[in-house]
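Beneath this line is the structure, given in structure tokens, with notes to follow.
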Amino acid sequence: MFVKVCGLRTPETVDAAVESGADAVGFVFAPGSVRLISSDDAAPLVARVPDEVETVGVFRGQPIDEVLRLARESGVGTIQLHGDEPDDHFARAAEAGFRTIRAISAARFTASGHTGGERLLIDATVPGSGTTFSPADLPVPPTVDWLLAGGLRPDNVAALIAAFGPSGVDVSSGVESAPGVKDPVLIRAFVVAARS
Ligand SMILES: O=C(O)c1ccccc1NCC(=O)[C@H](O)[C@H](O)COP(=O)(O)O
């Protein structure tokens, strides 16, 4: 089970995710997010992540040149796009040497409508809102490996993994003590529960 902890903004919470055994850590560069971090502030956090842990920059509806600039400045290795970006944005990111994730809401998921990204993440309608969805909300079941996001918490992640059968999970608000404030204790509990 691949585990990504998203929306990190402090050394303590990056370390908690890494030490808990998370496979990926995420930094949100999407304007308007309560988890927004600048590339200058993200760079030293990315630098403390060991090579074996994936570093993901999260973007929504931004020009691809801005996405690539922020990704390079921060040093992340993966670009996650949340805004129905066209396939050529993913191609540009891949050409520039980044791994990619296409994030799509459950309601908009179709068997053929998630092209472009190297990997697929299916989320609730509003990313980072802590809202869950059910398998019945997926118009069709995914036939490729995918990451589940949307309202996951330490106390529900095991049941939702059982219900959906994803290959990985992604969490943000479910490991926060207040909007945008990650809690190291909840991060550790989430990783343990996802792997249980
Ligand atoms: O987290 C945000 O604020 C955000 C804003 C804009 C685009 C994407 C965003 N987050 C992307 C993520 O990967 C979140 O981890 C995912 O939506 C799950 O969030 P949550 O339901 O809070 O666990």
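The figures that follow rest on heavy atoms only: side chains count, while hydrogens, waters and symmetry mates do not. Order of appearance sets the numbers: ligands from 1, and atoms from 1 within every ligand. As the structure is a prediction and not an experimental result, all values here were calculated from the model.
- Note that CD1 of Ile122 is 7.5 Å distant from CD1 of Ile104, once rounded to the nearest 0.5 Å.
- Within the listing of ligand 1, atoms 18 (C), 21 (O) sit less than 4.0 angstrom from a heavy atom of Gly150.
- Of all atoms in ligand 1, numbered sequentially from 1 with element shown, those under 4.0 Å from a heavy atom of Lys4 are 13 (O).
- In the candidate list Glu176, Arg35, Arg153, His82, His82 is nearest to atom 11 (C) of ligand 1, counting heavy atoms.
- Ranking the protein heavy atoms by distance from atom 23 (O) of ligand 1 puts Ser172 N, 2.9 Å first.
- Residues Ile161 and Leu152 are members of one and the same hydrophobic cluster, defined by side-chain heavy-atom contacts under 4.5 angstrom among Ile, Leu, Val, Met, Phe, Trp and Tyr.
- Scanning all protein heavy atoms for the shortest distance to atom 17 (O) of ligand 1 gives Asp123 OD2, 2.5 Å.
- Scanning the protein heavy atoms around atom 14 (C) of ligand 1, the nearest turns out to be Asp170 OD2, 3.4 Å.
- Close contacts of ligand 1 with Val58, meaning ligand atoms under 4.0 Å from a residue heavy atom, involve 8 (C), 11 (C).
- For Pro127, heavy-atom contacts with ligand 1 shorter than 4.0 Å involve the backbone as well as the side chain.
- Taken to the nearest 0.5 Å, the CD1 atom of Ile101 stands 6.5 Å off from the CG atom of Leu121.
- Applying the side-chain contact (heavy atoms from CB on, under 4.5 Å) rule to Asp41 yields the partners Ile37, Ser38; only residues at least two apart in sequence or on another chain are considered.
- One finds the CZ atom of Arg119 at 3.5 Å from the CZ atom of Arg99 (value rounded to the nearest 0.5 Å).
- Contact between Ser129 and ligand 1 is present, with at least one heavy atom of the residue lying under 4.0 Å from the ligand.
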Take Leu120 and Val144 through the side chain to side chain contact (heavy atoms under 4.5 Å, CB included) test and state the conclusion after the steps. CA-CA 8 Å; Leu120 169 69; Val144 296; 4.0 Å; yes
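- The ring pair (Phe, Tyr, Trp, His ring centres under 6.0 Å) pairs that include a residue from residues 122-162 are Phe133-Phe164, Trp146-Phe164, where partners are two or more places apart or lie in different chains.
- Ligand-side atoms of ligand 1 in range of Ala30: 6 (C), range being under 4.0 angstrom from any heavy atom.
- To the nearest 0.5 Å, the span separating CZ on Phe29 from CD on Gln62 amounts to 9.5 Å.
- Follow the hydrophobic side-chain contacts under 4.5 Å out from Val14 and you never reach Val56; the two are in separate clusters.
- The ligand atoms of ligand 1 that sit less than 4.0 angstrom from a heavy atom of Cys6 are 12 (C), 13 (O), 15 (O).
- Within the 4.0 Å heavy-atom criterion, both parts of Ser173, backbone and side chain, lie near ligand 1.
- Near Arg60, with a cut-off below 4.0 Å to any heavy atom, the atoms of ligand 1 are 6 (C).
- Contacts between Ala103 and ligand 1 below 4.0 angstrom, taking non-hydrogen atoms only, are absent altogether.
- With Asp15 contributing its side chain and Glu12 its backbone, the two residues share no donor-acceptor pair below 3.5 Å.
- Near Gly151, with a cut-off below 4.0 Å to any heavy atom, the atoms of ligand 1 are 20 (P), 21 (O), 23 (O).
- Short contacts between ligand 1 and Ser33, defined as distances under 4.0 Å to a heavy atom of the residue, involve ligand atoms 2 (C), 3 (O), 5 (C).
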